[in-house]
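Here is the structure we will look at, set down as structure tokens.
FYI, side chains are in, hydrogens and waters are out, and symmetry mates aren't considered; it's all heavy atoms of this structure.
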Amino acid sequence: MISAAGGSVRLGLDCGNGTLALYVNGQQIDSVSDSTYTQGSIGLFAATDDQDSGTNVTFDDYIVTKLGE
């Protein structure tokens with residue numbers, strides 16, 4: 001679980017050559033390799049189990065670059 005505790009967090013993903021790596025505030029927290037995912041599209045979503053009425057999420061400063069740039 002990633003919690004901002006009322007603040008914000010910086011999320012990052014490295015996706016390439018069948019490897020996906022997830023970063024939170026600059027620290028890698030997980031990665032997985034799957035050679036069947038060599039290309040695709042990008043999508044963002046957020047969910048919560050903590051609040052019945054949902055939650056407010058804002059994505060800003062969204063940047064997509066090729067690995068190595």
For Tyr23, the option from Leu11, Asp14, Ile29, Leu13 that meets side chain to side chain contact (heavy atoms under 4.5 Å, CB included):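 For Tyr23, the side chain to side chain contact (heavy atoms under 4.5 Å, CB included) check succeeds only for Asp14.
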Residues which pass side-chain hydrogen bond (donor to acceptor under 3.5 Å, both in side chains) with Thr36, listed by chain and number, not counting sequence neighbours: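 Asp34.
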For the backbone of Val9 and the side chain of Asn25, can you confirm whether one donor and one acceptor N or O come within less than 3.5 Å of each other?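 Side chain of Asn25 to backbone of Val9, a donor-acceptor pair under 3.5 Å: no, none is there.
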Which residues pass the side chain to side chain contact (heavy atoms under 4.5 Å, CB included) test with Val32, sequence neighbours left out?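 Applying side chain to side chain contact (heavy atoms under 4.5 Å, CB included) to Val32 gives Leu20.
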Ile63: partners by side chain to side chain contact (heavy atoms under 4.5 Å, CB included), with sequence neighbours left out: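 Per chain and number, Ile63 pairs via side chain to side chain contact (heavy atoms under 4.5 Å, CB included) with Thr65.
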